[in-house]
Amino acid sequence: MDINAMMGSQVLELQQTLQMSVMQNALNLNTSVAVELLKDMPQPQVAAHPYKGSVIDVSI
């Protein structure tokens, strides 16, 4: 095997490793941003029960 073929395969492996590293960093960044957005979302308001806790006149 000549030196050019060996160097070419090593460069290809390095490119793949770098691409995976960049993709992993981007995924981690996107995940952390999504978590922050979810934390900053306002909490949903609980709907009031239509009659629970109120006084109802049931006199006949």
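These numbers were taken from a predicted model, which means no experiment stands behind them.
Put simply, CE on Met20 and CG on Asn25 are 11.5 Å apart, with the number rounded to the nearest 0.5 Å. Here the straight-line distance linking atom CD of Gln19 with atom CG of Leu14 works out to 10.0 Å at 0.5 Å rounding.
Residues meeting the side-chain contact (heavy atoms from CB on, under 4.5 Å) test with Met41, sequence neighbours left out: Leu38. Gln15 pairs by the side-chain contact (heavy atoms from CB on, under 4.5 Å) definition with Val11, Leu12, not counting sequence neighbours.
When atom types are taken as modelled, the side chain of Ser21 and the backbone of Thr17 share no donor-acceptor pair closer than 3.5 angstrom.
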